[in-house]
Amino acid sequence: MSTDEKNIESVDFLRAIVAEDLKNNKHGGRVETRFPPEPNGYLHIGHAKAICIDFKIAEENNGVCHLRMDDTNPTKENMEYVESIKEDVKWLGFDWGEHFYYASDYFEQMYSYAVELIKRGKAYVCDLSPEEWAEHRGTLTEAGKEPSGRERSIEENLELFQQMRDGKFEDGAKVLRAKIDMASPNIHMRDPAIYRIRRFHHYRLGDDWCVYPMYDFAHCLEDSIENITHSFCTLEFEIHRPLYDWVLDALELESHPQQIEFARLNLSYTVMSKRKLLELVQEKLVNGWDDPRMPTISGMRRRGYTAKAIRDFCDTIGITKFNSLTDVALLEHCVRGDLNKVASRYLAVMNPLKVVIENFDENEVDMLDAVNNPEMPEAGNRKVPFSRELYIDRNDFMEDPPKKFFRLGPDREVRLRYGYFITCKEVIKDENGEVVELRCTYDPETRGGNAPDGRKVKGTIHWVSAKHAVKAEVRLYDRLFLYENPGANGIDFKTQLNPDSLSTADVYMEPELTKVEVGTCVQFERQGYFCLDKDSTDGKMVFNRTITLRDSWAKKNK
RNA sequence: AACCCCGUGGUGUAAUGGUAGCACAAGUGGUUUUGGUCCACUUAGUCUAGGUUCGAGUCCUGGCGGGGUUGCCA
């Protein structure tokens, strides 16, 4: 087929803007973006969307994307967060090359810009307390009023600002304000604070500074200093854009990046506020930022989600300016989609029911061939031991099976995956009437799972040899991270944690599974995907359930 | 209430002013040594009222609906 089968990539509004700028040679054919997190927490699935946008659009246009720590507020930031952010972005598959920056490295330059603003008569030192300022600022419907001191001389402002830096004033005693328009309908343009006094140990710069720039002043300058062309951010900054442009215009800076906003990700049932996630960590309602129930990148990684799945998800949700609520099922579809292709299959039984093959010799062990991954033949084969005593899953046996049940029952024949056809001859119960053992026979002719006479069985079940089985622990996390629906106002998200999400179970695995490495996600056939957790020790393997398999039988019988 | 942004199947998204398409979810059937995967099919949509036009999801006006903004956070 000669026609290019590549899907015609639909162009979202954001890519369209970049393409238009490129066409008009707006930035000399250059595309330079940045991902600028504040290192005040771990990255989550919402950040993944921003990361994909920032890095991919740069990449698509042969540009570069910077990774920048927006660390202008020392009270919430630390190096642990910096390191985690770098690790997570890298893990997602993106490379910032040489372009790793700290906003705090620009503090001296930003201070100079602030001085320059004062010299141009476009900034002044304000003595109002936060309470007094609230009165002057006005409201959404009423204009603000100009504070006294707004008309201070440039010399006096310069002097006062220097004194602010020199630590002559208490925290909060003064701020530096941009002199814009107290009557603007956009409150952010009503003489916004651009520098505040805050004596707090900065995680990198220590006590070098007691004044710190505010976001609205700092961010556009960071972008400008780094020669960014397109500065993507979320919708809540839309109303800040006039200020972004005002600062750069007021300073007449040559590098004037364009801020473009897109809608942030909302995921059903998922808490995505850093503040709330921090609360969960601090109050030990979860075991750290990388708890597999957390919607953090590190939590999802530990749970077994793949970077590709997350990237695919970000491609699928697209980029718009519409406040949407994405169904978490879409994320799960991407996770299953990738895992189905890459995860090796293993036999493992979670609710063991003993099966004795009466016509199989007690001392014999048959090593059977099993395919590691039917989706990926190159993954090869392995051997699975078969012996007289086996475990099957309790769910795969019913004493009185309904019509559509294809698995084992009295006098029924099923296939043991990669093994033999077996027929249930006898059901043994304890004094309470509970089934404790099945006596079966196997058909030696069906070794490997095929009957030479061509007879068919409807069911294929998983199993493990009792004497070869290795016991491990699985954590049965629920399908979702946290239970809170945006829109369900007033719900205390902490009480919404699913208590079942912590339940654990024993699992009896085929011995080959002991070779799996920590962090690897595998499929327990017919049950789900599981990821070997870092908590595993020499004595005990611990798996996190990544996600279940789709199960049409279970769905019908719900 | 003021200003800004946004309204396409249940959900997420496409469509130089020219056949409303894709994915998820749901449902039906087929293939299958995982009740998985894969494949086929079905259900279902342009918020509303006018206007411009040969022709409007797209452009204009009004209405309705949703979101954002009132930190010395980012």
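Atom set for the values below is all heavy atoms of this structure, side chains included, hydrogens, waters and symmetry mates excluded. Sequence lines set the chain letters: A, B, ... in the order given, protein chains first and strands last, and positions in each chain run from 1.
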>> Using 30° and 60° as the class boundaries, would you call the ring planes of Tyr195(A) and Tyr111(A) parallel, tilted or perpendicular?
In response: perpendicular
Do NZ/NE/NH1/NH2 and the carboxylate oxygens of [X] and [Y] come within less than 4.0 Å?
{"X": "Lys122(A)", "Y": "Asp191(A)", "answer": "no"}
{"X": "Asp127(A)", "Y": "Arg152(A)", "answer": "yes"}
{"X": "Glu238(A)", "Y": "Lys321(A)", "answer": "yes"}
{"X": "Lys383(A)", "Y": "Glu512(A)", "answer": "no"}
{"X": "Arg455(A)", "Y": "Glu413(A)", "answer": "yes"}
{"X": "Asp396(A)", "Y": "Arg526(A)", "answer": "yes"}
{"X": "Lys56(A)", "Y": "Asp315(A)", "answer": "yes"}
{"X": "Glu226(A)", "Y": "Arg68(A)", "answer": "yes"}

Using whole Å, what does the distance between atom [atom2] of nucleotide [N] and atom [atom1] of [X] come to?
{"X": "Glu20(A)", "N": "U16(B)", "atom1": "CD", "atom2": "C1'", "result": "12 Å"}
{"X": "Leu14(A)", "N": "U13(B)", "atom1": "CG", "atom2": "P", "result": "13 Å"}
{"X": "Lys321(A)", "N": "A14(B)", "atom1": "NZ", "atom2": "C1'", "result": "18 Å"}
{"X": "Asp393(A)", "N": "G35(B)", "atom1": "CG", "atom2": "P", "result": "12 Å"}
{"X": "Phe13(A)", "N": "A14(B)", "atom1": "CZ", "atom2": "P", "result": "9 Å"}
{"X": "Arg190(A)", "N": "C3(B)", "atom1": "CZ", "atom2": "P", "result": "12 Å"}
{"X": "Arg526(A)", "N": "G35(B)", "atom1": "CZ", "atom2": "P", "result": "4 Å"}
{"X": "Arg241(A)", "N": "C5(B)", "atom1": "CZ", "atom2": "C1'", "result": "9 Å"}

Once base and sugar-phosphate atoms are separated, protein heavy atoms under 4.0 Å mark nucleotides 63-74 of chain B, 5' to 3', with B, S and - as ----SBBBSBBB
Going 5' to 3' through nucleotides 41-46 of chain B and flagging B where a protein heavy-atom sits under 4.0 Å of the base, S where only the sugar-phosphate is that close, and - otherwise, we get ------
Classified by glycosidic angle (syn within 90° of 0, else anti), G67(B) comes out anti
Sorted by position of nearest nucleotide on RNA chain B, 5' first, the leading residue of Gln523(A) and Pro185(A) is Pro185(A)
Nearest-nucleotide check on RNA chain B, Asn340(A) vs Gly318(A); residue mapping nearer the 5' end is Gly318(A)
Partner of Thr306(A) under side chain to side chain contact (heavy atoms under 4.5 Å, CB included), picked from Thr546(A), Asp312(A), Leu339(A), Val335(A), is Leu339(A)
How is Tyr420(A) classified with respect to the nucleic acid when contacts are heavy atoms under 4.0 Å: base, sugar-phosphate, or nothing? nothing
### Message
What contact category does Ile319(A) fall into here, base, sugar-phosphate, or nothing, at under 4.0 angstrom with non-hydrogen atoms?
### Response
sugar-phosphate
Using the [atom1] atom on both, measure [N] against [M] and round to a whole Å.
{"N": "G65(B)", "M": "A1(B)", "atom1": "P", "value": "9 Å"}
{"N": "G68(B)", "M": "G36(B)", "atom1": "C1'", "value": "44 Å"}
{"N": "C22(B)", "M": "A49(B)", "atom1": "C1'", "value": "31 Å"}
{"N": "C4(B)", "M": "A25(B)", "atom1": "C1'", "value": "34 Å"}
{"N": "C64(B)", "M": "U28(B)", "atom1": "C1'", "value": "39 Å"}
{"N": "G57(B)", "M": "A15(B)", "atom1": "C1'", "value": "9 Å"}
{"N": "G21(B)", "M": "A44(B)", "atom1": "C1'", "value": "14 Å"}
{"N": "C47(B)", "M": "U8(B)", "atom1": "C1'", "value": "10 Å"}

Check: protein-nucleotides 24-27 of chain B nitrogen or oxygen pairs below 3.5 Å:
residue : atom : partner   : partner atom : Å
C24(B)  : OP1  : His333(A) : NE2          : 3.2
A25(B)  : OP1  : Arg550(A) : NH1          : 3.2
A26(B)  : OP1  : Lys555(A) : NZ           : 3.3
G27(B)  : OP2  : Lys555(A) : NZ           : 3.4

>> Tell me whether the NZ or CZ atom of Arg198(A) lies within the 45° cone about the ring axis of Trp209(A) and under 6.0 Å from its centre.
In response: no
By ring-ring contact (aromatic ring centres under 6.0 Å, His included), Tyr508(A) pairs with (sequence neighbours left out) Tyr391(A)
Tell me, yes or no, whether the heavy-atom count around Arg264(A) atom CZ, taken from other residues, nucleotides or ligands under 6.0 Å, exceeds 12. no
*Lys341(A) NZ: over 12 foreign heavy atoms closer than 6.0 Å*: no
Hits for side-chain contact (heavy atoms from CB on, under 4.5 Å) against Pro385(A), two or more places apart or cross-chain, chain-then-number order -> Val365(A), Met367(A), His468(A), Pro511(A)
Looking at Thr320(A), I'd like to know whether one of its side-chain N or O atoms comes within less than 4.0 Å of OP1 or OP2 on G12(B). no
Any Ser324(A) side-chain N or O less than 4.0 Å from OP1/OP2 of U13(B):
yes
Read 5' to 3' with Watson-Crick or G-U pairs under 3.5 Å, [ ] for crossing pairs and | for partners on another strand, RNA chain B gives .((((((..((((....[..)))).(((((.......)))))....(((((..]....))))))))))).....
Between Thr33(A) and Phe232(A), the two heavy atoms sitting closest are CG2-CE1, 3.6 Å
